[in-house]
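Quick notes on the structure that follows.
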Amino acid sequence: MKSIEKKRLWMFIAIAYGVTVLMSLLMIVGKNNGKDLTAFVNVQMAYPMCGVILGKLFLEKKTKSSLWLDISQFL
């Protein structure tokens, strides 16, 4: 694997799984206090998507013309 691919992979893993683990700790505290946790569950489904988007945004070289094309993919 190239260096940039390794960085993308680690960023994806950190966001998709690391943030999920950290938020799960908050969910445990919320569950013990009887709080409504539906927002946490809904947000956790989006973490893998966020990992992919942030990997693309931060770790790809962009020109002005390719930046518009990349942004339009998310709309």
Side-chain angles (χ1 to χ4, degrees):
M1 263 202 243
K2 294 181 184 178
S3 176
I4 193 81
E5 291 172 351
K6 286 182 184 179
K7 287 180 184 177
R8 278 190 203 152
L9 177 64
W10 284 110
M11 181 178 281
F12 172 78
I13 289 171
I15 293 171
Y17 300 108
V19 176
T20 304
V21 169
L22 293 174
M23 295 304 283
S24 295
L25 297 174
L26 292 175
M27 286 181 70
I28 291 170
V29 172
K31 183 180 176 190
N32 290 338
N33 292 330
K35 303 291 183 185
D36 181 27
L37 302 175
T38 56
F40 280 101
V41 175
N42 292 333
V43 170
Q44 281 185 336
M45 290 188 292
Y47 290 150
M49 173 189 63
C50 293
V52 171
I53 291 172
L54 290 174
K56 287 185 72 104
L57 289 175
F58 290 126
L59 299 174
E60 281 188 1
K61 293 183 181 179
K62 292 184 175 32
T63 61
K64 287 184 180 181
S65 62
S66 70
L67 180 62
W68 172 252
L69 294 174
D70 286 344
I71 291 172
S72 66
Q73 291 175 359
F74 300 118
L75 299 176

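Everything numeric here is computed off the predicted structure, so don't read it as measured data. Values below: every heavy atom of this structure, side chains too, minus hydrogens, waters and symmetry copies.
- Every residue was checked against the side chain to side chain donor-acceptor pair (under 3.5 Å) condition with Ser3, not counting sequence neighbours, and none meets it.
- Looking at Pro48 and Tyr17, their side chains never come closer than 4.5 Å, going by heavy atoms from C-beta outward.
- Counting Ile, Leu, Val, Met, Phe, Trp and Tyr side chains that sit under 4.5 Å apart, directly or through other members, Leu26 shares a hydrophobic cluster with Val19, Met23, Met27, Leu37, Phe40, Val41, Val43, Tyr47.
- When the side chain to side chain donor-acceptor pair (under 3.5 Å) test is applied to Asn33, no partner is found at least two apart in sequence or on another chain.
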